[in-house]
Amino acid sequence: MQAEQTRSTGAEQIAWDLSDLYAGVDDPALEADMQRADADAAALDRDYRGRVASLDPAALAEAVARYEQIVELATKAGVFAHLIWSTDTANPRYGALLQKTTEWSSQLEQKLVFFTLEWINAPDDLAHSRIADPALAHYRHWLEVTRLYQPHMLSEPEEKILAEKAVTGREAWVRFFTELMGSARYTFDGQELTQSAVLAKLYDPDREVRRRAAAALTGGLRRNLPITTFIFNTLAADKASDDRLRRYPTWISSRNLSNEVSDETVEALIQAVTGRYDLVARYYHLKRQILGLDELADYDRYAPLPAAPGFYHWDDARETVLQAYARFHPEVAGIAEQFFTRRWIDAAERPNKQGGAYSASTVPSAHPYVFLNYTGRTRDVMTLAHELGHGVHQYLSREQGMLQAHTPLTTAEMASTFGEMLVFSDLMAKESDPNARLAMLANKIEDSFATIFRQVSMNRFEHALHTARREEGELTSERLSAIWLETQRAMFGDSVRLTDDYGVWWSYVPHFLRTPGYVYAYAFGELLVLALFRLYREQGDGFAPRYLDVLRAGGSDWPEKILAPLGVDLTDPGFWQHGLAELDALVSEAEAIAKGS
Ligand SMILES: [Zn+2]
């Protein structure tokens, strides 16, 4: 991997042009937009405070449109600051703008909160008639979804106090954890490594390197264990009191509400996935045989399979993705192509650029931007396919407007994962060398496992953690480690030997603290796409136009209603079996290739 970084990727000059948002940090239009949003918020308050619930349908539609316009202005300024900062996090002018817009938009949010609160607290009869009124048809789903929080909202002064105290409470603990993990060092061969550097060594082809990297991570996590145990307990207790004050029946209910899925649908997903843990064991038995090991230890999970590493020049990556997209539907390829020709992508690696990749939807009056760190690995081609999938989805859903373009988390990864599937099946169809095919399949299977089985096993850990904290009080490190090992062993069966050292590896996962309950949404999205891909193969060309309609709908209705025209029934517990059957087929294919070679 080191050698590849010195070779030209062709992405060195691929920088985005943000001028569709603002010309730069000094663009007077930026300051003018912020002032306009402040003035519009003051006017909204003057015109509607105390009156939202009594507006007639036409007047309410106008009020919501004005509210939406303010949200759009606020988002545009904030997104621009974030995008430009992420390309050079060491630039003090970018950092200052980001801080300024963050503080400004939190102030603005405070000024706007009355508007949604008054709508949420409107009497049921009136709210139902407004939701059903044709004058408000365009905002129907937003009006509906906002009302769902009614049973869980407190009074305006209470909400303000909770929001203000959270800064030095919950949010401070999360930040402390982030900084603790960021500053922690792990001793590997006498070197002091960061967490991401030591984690990267778990992918090393040399088993001894992997074993020592795992030991280094364990050692570092153990040193901080009294602190992380305290943070986990504190935040679990904080969540318990929040759920009690807001009258959520279970630890996961608030998350399901924001994901727009019922507790039953999530339960059916968890049941279906845990019911197929046998697939995990089957695959890791196969991996052990391919690697020629007597047993697979926890530090062998990410060992690479023997195959020549592929290298993709930026131009080849672009063609690979666009061709796969074009074979699916010309409109999808046409939208994706604009990202290249109109410079909506930042792909170059630069010092002080943020890591990772994302697609930012920005605002409906502009268009999405894609952010990458392109190094030329096969993985990077998949990431390009993934982020462009988001980009196409975000581009098409702009027609729903600021309040309804966004999808809930559960369907947010649909187009991205589907885009990856298109490229994966294209690359597989072109590859005839069995070893390369096996390595590609293994990558795909391991990625899908990471999003489906690993996330659901982590959901089981969270479930046990929150339940135990509520029933047993403060939990010890040993208790947390026992829960972690138990929920991980349930998934791996006898295919991977999980050492006691591995028991403390719950203590660095940020999602558990930052967004409790988040993890299952990944499994939801990935299984949904595997099922959709199966439907696509069955239905052929008739599938794509209906799929495009789904993308265009954005977040303008319930996920189950938006997906229904594709033949998907999210309320059917058996639905998840379609995606799991697709995974089963991938594992069987890998087994067949391994046997033949
Ligand atoms: Zn994504």
Side-chain angles (χ1 to χ4, degrees), residues 16 75 79 82-83 86 255 258-261 269 317 320-322 324-325 328 332 335-336 339 344-347 353-362 367-375 377-398 405-425 443-456 458-459 509-511 514-515 517-533 547-548 550-555 559 562-563 579 583:
W16 57 27
T75 307
V79 159
H82 187 88
L83 293 185
S86 65
R255 178 64 47 200
S258 70
N259 285 343
E260 298 185 28
V261 284
L269 165 73
T320 302
V321 174
L322 288 180
Y325 274 26
F328 177 68
V332 173
I335 297 167
F339 283 78
W344 297 349
I345 305 183
D346 200 89
K353 183 172 169 176
Q354 203 181 33
Y358 63 79
S359 176
S361 54
T362 81
H367 54 77
Y369 280 100
V370 162
F371 176 96
L372 304 168
N373 281 278
Y374 190 80
T375 63
R377 294 167 306 159
T378 315
R379 180 70 257 161
D380 291 321
V381 182
M382 286 302 173
T383 305
L384 176 63
H386 181 101
E387 301 306 338
L388 281 175
H390 279 306
V392 169
H393 194 177
Q394 291 161 344
Y395 183 88
L396 286 169
S397 67
R398 291 177 311 156
H406 292 278
T407 54
L409 279 178
T410 31
T411 46
E413 295 298 333
M414 180 171 58
S416 54
T417 316
F418 197 84
E420 279 192 67
M421 280 301 283
L422 289 172
V423 172
F424 170 72
S425 61
N443 280 338
K444 182 72 203 163
I445 291 168
E446 288 185 25
D447 281 354
S448 297
F449 279 13
T451 27
I452 297 170
F453 294 110
R454 179 168 160 80
Q455 303 300 331
V456 165
M458 296 210 293
N459 165 280
V509 182
H511 274 104
R514 238 177 256 159
T515 335
Y518 182 87
V519 290
Y520 78 77
Y522 290 115
F524 191 112
E526 178 90 9
L527 274 180
L528 169 64
V529 166
L530 287 170
L532 286 182
F533 211 74
Y547 175 75
L548 282 170
V550 167
L551 300 190
R552 265 185 213 101
I562 288 179
L563 288 162
L583 260 188

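Counting starts at 1 for both ligands and their atoms, in listed order.
- Not counting sequence neighbours, the partners of Arg379 by the salt bridge (charged side-chain N to carboxylate O under 4.0 Å, His left out) test are Glu420, Asp447.
- The Zn ion (ligand 1) sits nearest to atom OE1 when only the N, O or S atoms of Glu413 are considered.
- When ring centroids are compared, Phe328 and Tyr547 come within the 6.0 Å threshold.
- Here the N, O or S atom of His386 that is nearest to the Zn ion (ligand 1) is NE2.
- Listed by chain and number, the residues in a ring pair (Phe, Tyr, Trp, His ring centres under 6.0 Å) with His367 are Trp344, Tyr369 (sequence neighbours excluded).
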Could you walk me through whether Asp380 and Thr375 pass the side chain to side chain donor-acceptor pair (under 3.5 Å) test, one step at a time?
CA-CA 7 Å; Asp380 291 321; Thr375 63; 2.4 Å; yes
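- For Glu387, every N, O or S atom stays at 2.8 Å or more from the Zn ion (ligand 1).
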